[in-house]
Amino acid sequence: MSAPIVEIRHLPQHLGQTVTLRGWVRNARTSKIRFLELRDGSGFVQCVCSASEAEPESYELAGKLTQESAITLTGLVQAHPKTGAPELLVKSLTLVGDSVDYPITPKEHGTAFLMENRHLWLRSKRQWAILRIRHTLAKAIRDFFDEDGFTLLDAPILTPSACEGTSTLFSTQYFDEGMAFLSQSGQLYQEPGLAAFGKTYCFGPTFRAEKSKTRRHLTEFWMVEPEVAFAHLEDVMILGERLTKFMVQRVLEGRQEELAILERDLAPLETTLAVTFARMTYTEAVAKLHELGSDINWGEDFGNDDETILMNAMDRPLWVHHFPRVFKAFYMEPDPLDPKLALGADLLAPEGYGEVIGGGERASSLQYLLDQIEHEKLDRKDYEWYLDIRKYGSVPHAGFGLGLERAVAWICKLPHVRETAPYPRMMGTLRP
RNA sequence: UCCGGAGUAGCUCAGUGGUAGAGCAAUCGGCUGUUAACCGAUUGGUCGGGGGUUCAAGCCCCUCCUCCGGAGCCA
């Protein structure tokens with residue numbers, strides 16, 4: 001066999017040529033003509049095996065192939081007589097690895113079963129599409145910041161204390177230093193980088209040990225956290241909006257096949273690119289919620305229902321800013337015009353996907369932070385290094401965190417974030 | 001942690017007190033253009049665990065376990 005080995009994605013360039021494909025049998029429909037649906041990771045193609053064209057042993061083998069058998073096959077690339085899509089007219093076929101009783105059949109399955117078989121579920125067309133979009137979004141995030149002059153400053157995953165002091169943390173014994181905690185945010189470690197690099201970001205896994213079981217929570221998720229020196233609240237909203245549009249644009253340009261597999265309605269994504277994001281202060285949002293029938297009180301954080309009610313009334317992403325200080329992190333800069341408020345901004349995604357970005361301006365006054373640490377009953381000695389930033393050339397600065405999985409869920413319009421990670425970690429899900 | 005729902009064949013489910021069923025998968029056979037192909041046959045079950053009521057329990061009661069959805073919390 002001297003036919004060139006090609007990937008399925010390149011088949012349109014090989015029409016009329018004899019090539020070799022390598023992959024797995026997604027599905028086999030056998031009549032006198034055997035139709036093998038092949039997957040090789042780069043795409044999907046139908047291979048046609050008839051007695052008149054194929055070698056006799058190959059033809060016989062094609063009739064016995066089970067779901068997920070690994071094969072190589074050689075044949076002529078031709079256009080499908082009905083659809084015009086490339087297909088392979090098989091000449092010869094070799095079994096590389098057989099497959100007996102593959103658990104995920106072509107019919108429906110429940111999520112519990114699929115999650116237990118996540119390592120196999122990855123092979124399905126839908127998961128392939130989602131995880132390739134995740135890949136594209138992760139790449140877009142890196143490209144966006146790299147092209148914008150940011151320096152990647154990796155934050156540690158093992159940390160000595162809570163960054164925000166509120167959420168539950170996973171802990172582990174760290175030699176004789178006591179307990180270490182898995183990081184729930186890299187932000188505090190970005191701030192010292194500003195005086196060295198001006199603009200930094202970290203992008204990696206973060207951990208929350210919250211016992212939350214909802215469609216938008218994982219215990220392990222990826223977050224990108226940019227931080228910018230001399231930046232204010234307004235800069236956060238401008239940067240977050242540019243990033244969001246860049247990510248959406250990359251997917252619309254490069255992942256059309258995957259969006260089609262997911263049957264994603266493209267109109268809301270195209271709207272996101274075309275419009276300026278809406279903005280409301282927290283106080284305005286509460287007033288709007290009252291109009292829409294919510295009984296939220298000023299000073300309370302939005303509940304899930306509130307976010308849904310609010311976003312159902314919007315046709316585009318919404319920035320909510322100037323939150324009450326009481327439910328925001330200790331390091332947020334207070335509003336100089338109203339000390340009850342903090343200079344924070346959250347971006348709510350449309351179509352019910354909720355908070356995708358959370359961020360704001362950081363407190364730059366040493367005394368203010370000392371008061372906050374005392375007020376929140378945090379241990380000052382855990383934060384001495386962080387406080388140093390306010391002693392040696394303190395400047396206004398701001399940043400945000402964007403959750404990758406929530407962005408993937410929104411852009412793919414998925415019912416649950418568990419499909420956005422290759423191996424999602426949730427309360428009650430640790431394997432595979 | 002709280003509220004609601006569900007555990008029956010490998011998978012998805014039907015079966016509400018009287019001898020355990022279907023579709024898919026698997027196995028065998030048929031079909032020359034199929035697209036979750038189709039047609040016929042075969043194989044496959046301690047009905048989540050434990051206890052109770054009853055002549056009789058998949059079905060009713062108690063309890064435990066697991067999973068799903070939602071709340072709180074958050075990206």
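Below, chain A is the first sequence line, B the second, and so on; all start at residue 1.
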Inset, instruction - Return the value, rounded to whole Å, for the distance between atom CG of A/Leu89 and atom P of B/rU32. - result: 17 Å
Legend entry - side-chain N/O A/Arg29 vs B/rA37 OP1/OP2, d < 4.0 Å: yes
Legend entry - Distance-minimising heavy-atom pair for A/Ala398 and A/His232: CB-O, 3.9 Å
Inset, instruction - Would you state whether a donor and an acceptor, one from the side chain of A/Arg406 and one from the base of B/rC74, lie under 3.5 Å apart? - result: yes
Legend entry - Touch class at under 4.0 angstrom, heavy-atom based, for A/Asp346 against every strand present: nothing
Legend entry - Complement of B/rU1, any strand, by Watson-Crick or G-U distances under 3.5 angstrom: B/rA71
Legend entry - Heavy-atom pair with the smallest gap, counting every atom of A/Glu333 and A/Ser364: OE1-N, 3.3 Å
Legend entry - Residue closer to the 5' end of RNA chain B, A/Glu220 versus A/Asp305 (nearest nucleotide): A/Asp305
Inset, instruction - Could you tell me whether A/Gly303 contacts a base, only the sugar-phosphate backbone, or nothing, with contacts defined as non-hydrogen atoms closer than 4.0 Å? - result: sugar-phosphate
Inset, instruction - For A/Leu218, answer base if it contacts any base atom (sugar-phosphate contacts may also be present), sugar-phosphate if it contacts only those atoms, and nothing otherwise; contact means non-hydrogen atoms under 4.0 Å. - result: base
Inset, instruction - Using modelled atom types only, decide if a donor and an acceptor are shared between the side chain of A/Ser42 and the backbone of A/Arg9 within a distance under 3.5 Å. - result: yes
Inset, instruction - Taking all heavy atoms of A/Leu266 and all of A/Leu259, pick out the closest pair and write down the distance. - result: CD2-CD1, 3.8 Å
Inset, instruction - Whole angstrom is fine here: how far is it from CD1 in A/Ile104 over to P in B/rC24? - result: 19 Å
Inset, instruction - Please determine if a side-chain N or O atom of A/Arg418 lies less than 4.0 Å away from the OP1 or OP2 oxygen of B/rG69. - result: yes
Table of protein N/O atoms under 3.5 Å from nucleotides 39-49 of chain B N/O atoms:
none

Legend entry - Touch class at under 4.0 angstrom, heavy-atom based, for A/Leu402 against every strand present: nothing
Legend entry - Non-hydrogen atoms of A/Thr136 and A/Val251 that approach each other most closely: CG2-CG2, 4.1 Å
Inset, instruction - Round to the nearest Å and state the distance from A/Met311 atom CE to B/rA75 atom P. - result: 17 Å
Legend entry - Complementary nucleotide for B/rU43 - Watson-Crick or wobble, under 3.5 Å: none
Inset, instruction - Would you classify A/Thr83 as touching base, sugar-phosphate or nothing, given that sugar-phosphate means primed atoms plus P, OP1 and OP2, and contacts are heavy atoms under 4.0 Å? - result: nothing
Legend entry - Which atom of A/Gly359 lies closest to which atom of A/Met332, heavy atoms considered: O-CE, 3.6 Å
Legend entry - Centroid distance under 5.5 Å and plane angle under 30°, A/Phe221 vs B/rA75: yes
Inset, instruction - Applying side-chain hydrogen bond (donor to acceptor under 3.5 Å, both in side chains), run through A/Arg216 and A/Tyr353 and close with a yes or a no. - result: CA-CA 8 Å; A/Arg216 27 174 103 157; A/Tyr353 283 89; over 6 Å; no
Legend entry - Complementary nucleotide of B/rA37, counting Watson-Crick and G-U pairs under 3.5 Å: none
Inset, instruction - Could you work out the separation of B/rC74 and B/rU66 based on their P atoms and round it to a whole Å? - result: 27 Å
Legend entry - Quiz item: A/Glu37 side-chain donor-acceptor pair to B/rU35 base, under 3.5 Å: no
Inset, instruction - Under 4.0 Å between any heavy atoms, over every strand shown, what does A/Ser50 touch: base, sugar-phosphate, or nothing? Just pick one. - result: nothing
Inset, instruction - Would you please confirm or rule out a distance under 4.0 Å between OP1 or OP2 of B/rA36 and any side-chain N or O of A/Asn27? - result: no
Legend entry - Complementary nucleotide for B/rU54 - Watson-Crick or wobble, under 3.5 Å: none
Inset, instruction - Quick one: label A/Arg216 by what it contacts on the DNA or RNA (base, sugar-phosphate, nothing), any heavy atom closer than 4.0 Å. - result: base
Inset, instruction - Select base, sugar-phosphate, or nothing to describe what A/Pro81 touches, counting heavy atoms under 4.0 Å on all strands. - result: base
Legend entry - Rounded interatomic separation in angstrom, taking NZ from A/Lys64 and P from B/rA25: 19 Å
Legend entry - From A/Phe246, A/Tyr201, A/Phe197, residue fulfilling ring pair (Phe, Tyr, Trp, His ring centres under 6.0 Å) relative to A/Phe145: A/Tyr201
Inset, instruction - Tell which nucleotide pairs with B/rG23, taking only Watson-Crick or G-U wobble pairs whose two distances are both under 3.5 angstrom. - result: B/rC11
Inset, instruction - Assign A/Glu116 to base, sugar-phosphate, or nothing according to its heavy-atom contacts below 4.0 angstrom with the strands shown. - result: nothing
Legend entry - Phosphate-side-chain proximity, A/Lys82 and B/rU35, N/O vs OP1/OP2 below 4.0 Å: no
Inset, instruction - Look at all strands and tell whether A/His109 reaches a base, only sugar-phosphate, or nothing, counting heavy atoms closer than 4.0 Å. - result: sugar-phosphate
Legend entry - Minimum-distance nucleotide (side-chain atoms of A/Met223 versus B/rA75, B/rG70, B/rU32): B/rA75
Inset, instruction - Using a strict cut-off of less than 4.0 Å between a Lys/Arg side-chain nitrogen and an Asp/Glu carboxylate oxygen, indicate whether A/Arg22 and A/Glu7 qualify as a salt bridge. - result: no
Inset, instruction - Pick base, sugar-phosphate or nothing for A/Thr206, based on heavy-atom distances below 4.0 Å to the nucleic acid. - result: nothing
Inset, instruction - Run the ring-centre check on A/Phe302 versus A/Tyr282 and record whether the distance is less than 6.0 Å. - result: yes
Inset, instruction - Return the 5'-most residue of the pair A/Thr66, A/Phe113 with respect to RNA chain B, ranking by each residue's nearest nucleotide. - result: A/Phe113
